[in-house]
> 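Sharing a structure, written as structure tokens. Questions coming.
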Protein chains: 2
Amino acid sequence: MTNGKEATLHHRILSDIEGRIVSGEWPPGYRLPFEVDLAAQYGCSRMTANKVLTHLARAGLIERRKKSGSFVAQPVMQAAVLEIHSIEAEVRSLKLPYSYRLERRILREAGPADRQHLELSETASVLDLVCLHHAGERPFCLEERLINLATVPEAEGEDFARLAPGTWLISQIPWSTAEHKIYALSASADVAKTLDIPRNAACLVIERRTWGSSGPVTFVRFTYPGDRHALVARFTPGGEN
Amino acid sequence: MTNGKEATLHHRILSDIEGRIVSGEWPPGYRLPFEVDLAAQYGCSRMTANKVLTHLARAGLIERRKKSGSFVAQPVMQAAVLEIHSIEAEVRSLKLPYSYRLERRILREAGPADRQHLELSETASVLDLVCLHHAGERPFCLEERLINLATVPEAEGEDFARLAPGTWLISQIPWSTAEHKIYALSASADVAKTLDIPRNAACLVIERRTWGSSGPVTFVRFTYPGDRHALVARFTPGGEN
DNA sequence: CGGATTATTATGTATATACATGTTCAGCCA
DNA sequence: TGGCTGAACATGTATATACATAATAATCCG
């Protein structure tokens, strides 16, 4: 497999420079050698050095200024990648049997609250769904969802009795933009009863708004019992590689 | 602002192809034209087409296979970028005065719990800090931190009376890897008292483990009153640009 | 001496070219 | 028919070259 070498010339140069930066040998603000010097140093052409520096710049490790040169950037560490798995995958990774149940399915005109959630300016029909995801016998997650029928009219023909709306939607809207909001909330009486947890237990809430190329698609709120669920996010300077 | 032009040839090609993908015109699995055909189509060289496709592949929008060609990838939508600001910046963005107070500072040998938090195999000295961040008059966030003195011996000489340890650390360990864990928790009696919130109120907890090039650096747990704080994460196919 | 003009310099983008590498496919031979 | 071999092909990487662009440094002149 990939034994970490990837001995292409520009990977070697890249990880060398990356190493100097993350180790602190080249501290923030340090001006690194010019492209021509790097090229000479590594015995490669300027294009190759350029590629490496461009990559480092896109990864945020360096900052480039014309005429002045390239500088090690100030570490910002303001971004981490949050992995968002499907609930089914999440449950199965705990080696528990997954099951899904539709609790409610209402078709209606969007009210003011719906319009705010979906960021709709005009009125439209929405599908209001409530589902419950189980891990084994216990409720794992409560899903409250609005689907904008103006953008996804096909949703009206789906009953979502067996297929979770999230799963169905990714097959309909292939690529989309999403915004997440994550916070903690004490369980209301309703939520506590549905999730089978004590009243006022802390819950982790994830709200997601999704847009496709033709407008707002869906708004969804996932409520997890807080002590049984955690999100994990990772950050590595230089990113993927 | 960025008016979407960026009229370099390869940005135009890139956003054109990106558009076809996100709009669904080229659905997942679709084989896009070969590099030579794209080059001909846009009247550019193969190198330029290659650059664009390489970019799209790195962004995860397409998948490339030798001999076969390049294909629109299956949408995964499993990653979102979580922006993590400094607490001071966060408070100031709410237009509230920020203040910081050190509550505790203990130097000790790492116990089993400390070693687990820092993922230390051997024993070492750690600095155990508790700080409180205020927004105006109200407590905004409780910070409980361990610093590994084997990696950051300079921390022993800091009293952290006025400077928050997070701020100090990024000046010491310029570039680092971090892992975050986010969950909800009911406030214990202690936490409730410290944060001036009701007992059992839902709190948002963010734990962060940080590594530098020479080993584990710090473990920190931020506890926020859950109803007053939310994290926001965004995902756009194609990423930064 | 100061302000405008010009030259220099480093990066940014693009092209043409070359060869390497990994797949697929077609054809060959047993 | 079955398996092997090699040609064809698409991508991957690297080089040399060219010109554009932006910022600084140097120069010139009123």
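Order of the sequence lines fixes the chain letters, A, B, ..., with proteins taken first and strands second; residue numbering starts at 1 for each chain. Nothing here was measured: the structure is a model prediction, and the numbers come from that model.
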> State which residues pass side-chain contact (heavy atoms from CB on, under 4.5 Å) with B:V22; sequence neighbours excluded, sorted by chain then number.
A:W175, B:P237
> With sequence neighbours left out, which residue pairs that include part of residues 30-50 of chain A fulfil the ring pair (Phe, Tyr, Trp, His ring centres under 6.0 Å) condition?
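Sorted result for residues 30-50 of chain A: A:W26-A:Y30.
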> Tell me: CZ of B:R58 to P of D:dG12, nearest whole Å?
13 Å
> What residues in residues 66-74 of chain A put a non-hydrogen atom under 4.0 Å from any atom of DNA chain D?
A:K66, A:K67
> Quick one: is D:dT13 close enough that its OP1 or OP2 comes under 4.0 Å of any side-chain N or O from A:H10?
no
> My understanding is that only residues two or more places apart in sequence, or in another chain, count here; which of them pass ring-ring contact (aromatic ring centres under 6.0 Å, His included) with A:F222?
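So A:F222 forms no ring-ring contact (aromatic ring centres under 6.0 Å, His included) with any residue.
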> Residues two or more places apart in sequence or in another chain: which of them pass side-chain contact (heavy atoms from CB on, under 4.5 Å) with B:S214?
B:T151
> In terms of the angle between their ring planes, are B:H229 and B:F140 parallel, tilted or perpendicular, with boundaries placed at 30° and 60°?
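Taking B:F140 first and then B:H229, their aromatic rings stand perpendicular (interplane angle over 60°).
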> Could you state the atom-to-atom distance from CG of B:L32 to C1' of D:dT11 in whole Å?
13 Å
> Verify the contact: side-chain N or O of B:R64 to OP1 or OP2 of D:dG12, cut-off strictly under 4.0 Å; return yes or no.
yes
> Please list, by residue number, the residues of residues 33-51 of chain A whose heavy atoms come closer than 4.0 Å to an atom of DNA chain C; answer none if no residue qualifies.
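Only A:F34, A:E35, A:R46, A:M47, A:N50 qualify.
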> Kindly state each residue pair satisfying side chain to side chain donor-acceptor pair (under 3.5 Å) with at least one member in residues 159-169 of chain A, sequence neighbours excluded.
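For residues 159-169 of chain A: A:E158-A:W168.
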> Strictly by salt bridge (Lys or Arg N to Asp or Glu O under 4.0 Å), give each pair with a member in residues 73-83 of chain A just once, sequence neighbours left out.
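Sorted pair list comes back empty.
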> Return each pair, listed once, that meets salt bridge (Lys or Arg N to Asp or Glu O under 4.0 Å) where at least one residue sits in residues 36-52 of chain A; pairs must be two or more places apart or across chains.
A:E35-A:R46
> List in chain and number order the residues that pass side-chain contact (heavy atoms from CB on, under 4.5 Å) with A:A57, two or more places apart in sequence or in another chain; answer none if no residue qualifies.
A:I62, A:R64
> Whole-Å distance between D:dA16 P and A:L9 CG?
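In whole Å, D:dA16 P lies 12 Å from A:L9 CG.
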> So what is the 5' to 3' dot-bracket string for DNA chain D, if pairs are Watson-Crick or G-U wobble with both distances under 3.5 Å, crossing pairs use [ ] and | means the partner sits on another strand?
||||||||||||||||||||||||||||||
> Would you mind reading off the distance between B:R12 atom CZ and C:dG12 atom P, rounded to a whole angstrom?
20 Å
> Atom CZ of B:R65 to atom C1' of D:dG12: distance rounded to whole Å?
16 Å
> Return the set of residues passing side-chain contact (heavy atoms from CB on, under 4.5 Å) with A:S86 (not counting sequence neighbours), or none when no residue passes.
A:E88, A:A89
> Verify whether one side chain among B:E207 and B:Y183 offers a donor that lies under 3.5 Å from an acceptor in the other.
yes
